[in-house]
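First the structure, in the form of structure tokens, and then the observations on it.
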Amino acid sequence: MSLIKNVAQQARRTNVVASKASSSGVYPLGGYNENKAQLRRETTAQYYRDHDIHHAAKKDSVRLKAAALLFTGRIPSNIDLIRSAQYLQSELPVRIAHRIKGFRSLPFIVVTNPHILKVMEQYIRSFKVISNFNDGRMVKTQDKVDDFTHLLEILLDEHGSVIDDLTQGFSSCHDHILEIFDGDEEKTHDLVQSFLDKTLTSRLGIRLLAQHHLLLKDQIGQNSRDRIGIVESRWKPAKDIEAIARKIRESWMFHCDNPPRVKLNGHTEAEFPYIPIGVDYILQEVFKNAFRAVIEAHANSARQMPPIDVTIAVNREDFTIRIADRGKGMKSDVIDKIWRYHFTTARGRQGYGGVGDLLSMANSNEKELAGYGIGLPISKAYAEYLGGKLEIKSMSGIGTDVYLTLKHIDPHKGHSFRI
Ligand code: ADP
Ligand code: COI
């Protein structure tokens, strides 16, 4: 049996429950393991004989304007879903081939790291499965679209740990890369940063498109006033901010009695069409840092912790969310490094002391709260991918202000970014 049929059959057999409607969404869904090792060997061996990937990597990807995702109108139909599947059938292999090319351009010692190799193999396998689906012909019938949609669910699930794997991989490769560059930290940093920025933002785009398709499928025939695929028609930033802050505050309750409150001001009632998935990720990372900073700075004080102040400003072209904490800010030697992958002061690793002790003593959900040193660099890359920016102003001894500015996607306003 061919590799592709094998995987497609596995895809159909596996009963995956997808977190389709999750607005904070790019999360693992479940999994399948059958014959994985064999598939890995086959795909990797095939890669070196195969010209499809090289050919696809030469094509340019077709990045859609965010507003174009609204092409279906209010009531998505089966025709819309077929069009969406056909677009993904031709577009995903090109994007994935670009990613594989990126892995191939890494130094040998890096790409052979088991975590990094695992991710490259996943991309090779996904390239094969998607480009050979329906024997490489465009889907035309409802049944085939259903099979394709189910396959996407499984691939989204299977790629769920890509960020963790790449983080671990690059972290353990650091010294090898440094050796390649004769101890030059800047060059080492540039290589890691340019690879991870490109890979992770492209992955965000791929996952947004795939999730859009899955959500559209659920909305067929429904008058979706609130959302079309991943686009929420009346997204209210204040609502997501409150939900994310509440979740992180609750996690902190395991470690301290009275974590800071979050206070909202500005355009708290504003609503507009938006794609919340990327922005929710960024907000989560920024809030984790703000909570940690305030708690670390005030853990030994009997007084109530100062609140985290969030200001929302919605303008015609863009909107800004400012998250201001009184967590004593950062010294300049820390500020200089915060945008670097793997830089963290959690767990006192870098010799700055800190709340890490508090977290590791509690020995529970520490990883949810800080410690990988990837939150800020990924968030900045995502913000820029979404046509915006993430900026930080810190006053050492006082606190930190984070500004997230993003463009609207409203087609009537003429401003949009591409996915
Ligand atoms: P992590 O939170 O896993 O350490 P990040 O990339 O999110 O990784 O942050 C990197 C570092 O930047 C943190 O370890 C911390 O030293 C510093 N930092 C980020 N935000 C703040 C803040 N609001 N106040 C003080 N320090 C901060
Ligand atoms: C990823 O999440 O890394 C992907 O590329 C998912 C895609 C294969 C559906």
Side-chain angles (χ1 to χ4, degrees), residues 25-29 88 91-93 95-100 119-120 122-131 148-149 151-163 165-167 199-214 260 282 284-297 308 323-331 333-356 359 366-381 390 392-402:
V26 196
Y27 297 129
L29 314 169
L88 294 179
E91 180 62 13
L92 293 185
R95 294 191 186 206
I96 293 172
H98 283 280
R99 300 292 46 83
I100 297 167
V119 177
M120 183 177 83
Q122 275 178 345
Y123 278 111
I124 295 170
R125 195 161 63 244
S126 297
F127 175 90
K128 293 282 168 200
V129 179
I130 296 173
S131 50
F148 184 71
T149 309
L151 179 64
L152 284 183
E153 281 181 346
I154 288 177
L155 295 179
L156 277 172
D157 172 26
E158 194 182 87
H159 284 248
S161 62
V162 161
I163 294 183
D165 288 326
L166 291 180
T167 303
T199 304
L200 297 179
T201 53
S202 161
R203 173 178 186 263
L204 174 66
I206 291 173
R207 291 182 77 89
L208 288 176
L209 294 174
Q211 293 219 336
H212 185 67
H213 179 80
L214 297 191
I282 299 170
Q284 200 166 288
E285 292 305 319
V286 173
F287 272 115
K288 282 198 279 190
N289 289 339
F291 270 93
R292 180 190 149 207
V294 175
I295 292 168
E296 181 172 295
I308 296 166
I323 294 145
D325 69 63
R326 286 283 184 142
K328 296 256 191 316
M330 293 171 248
K331 297 211 169 72
D333 60 335
V334 173
I335 285 266
D336 290 346
K337 299 192 192 108
I338 54 172
W339 303 114
R340 296 190 165 208
Y341 284 95
H342 301 116
F343 173 77
T344 181
T345 56
R347 275 176 262 146
R349 258 193 234 145
Q350 315 287 322
Y352 297 102
V355 80
L359 292 176
E366 140 187 32
K367 282 179 186 163
E368 276 173 35
L369 297 171
Y372 290 116
I374 56 161
L376 287 181
I378 295 187
S379 297
K380 189 174 171 64
L390 182 69
I392 293 193
K393 296 260 180 233
S394 190
M395 293 211 299
S396 184
I398 301 290
T400 300
D401 288 4
V402 180

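What you see below is based on every heavy atom in this structure, not just the backbone, and it leaves out hydrogens, waters and symmetry mates. Order of listing sets the numbers, starting from 1, for every ligand and every atom in it. These numbers were taken from a predicted model, which means no experiment stands behind them.
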Closest approach of any protein heavy atom to atom 2 (O) of ligand 2, naming residue and atom: Arg207 NH1, 2.5 Å
Heavy-atom nearest option to atom 4 (O) of ligand 1, drawn from Thr344, Val402, Asp401, Ile323: Thr344
Check: Glu158 side chain, Gln122 main-chain N or O, donor-acceptor pair, under 3.5 Å: no
Closest protein heavy atom to atom 4 (C) of ligand 2, given as residue, atom name and distance to 0.1 Å: His159 ND1, 3.5 Å
Lys328 to ligand 1, any heavy atom closer than 4.0 Å: no
Proximal atoms of ligand 1 relative to Phe343 (non-hydrogen, under 4.0 Å): 10 (C)
Any donor-acceptor pair under 3.5 Å from Ser131 side chain to Pro93 backbone: no
Those atoms of ligand 2 less than 4.0 Å from some heavy atom in Tyr123: 1 (C), 3 (O), 5 (O)
Nitrogen or oxygen atoms of Gly373 and ligand 1 under 3.5 Å apart: yes
Non-hydrogen atom of Lys288 closer than 4.0 Å to ligand 1: no
Nitrogen or oxygen of Ser126 less than 3.5 angstrom from that of ligand 2: no
Residues Ser126 and His159: side-chain donor-acceptor under 3.5 angstrom: yes
Contact check, Ser379 vs ligand 1, heavy-atom distance below 4.0 Å: no
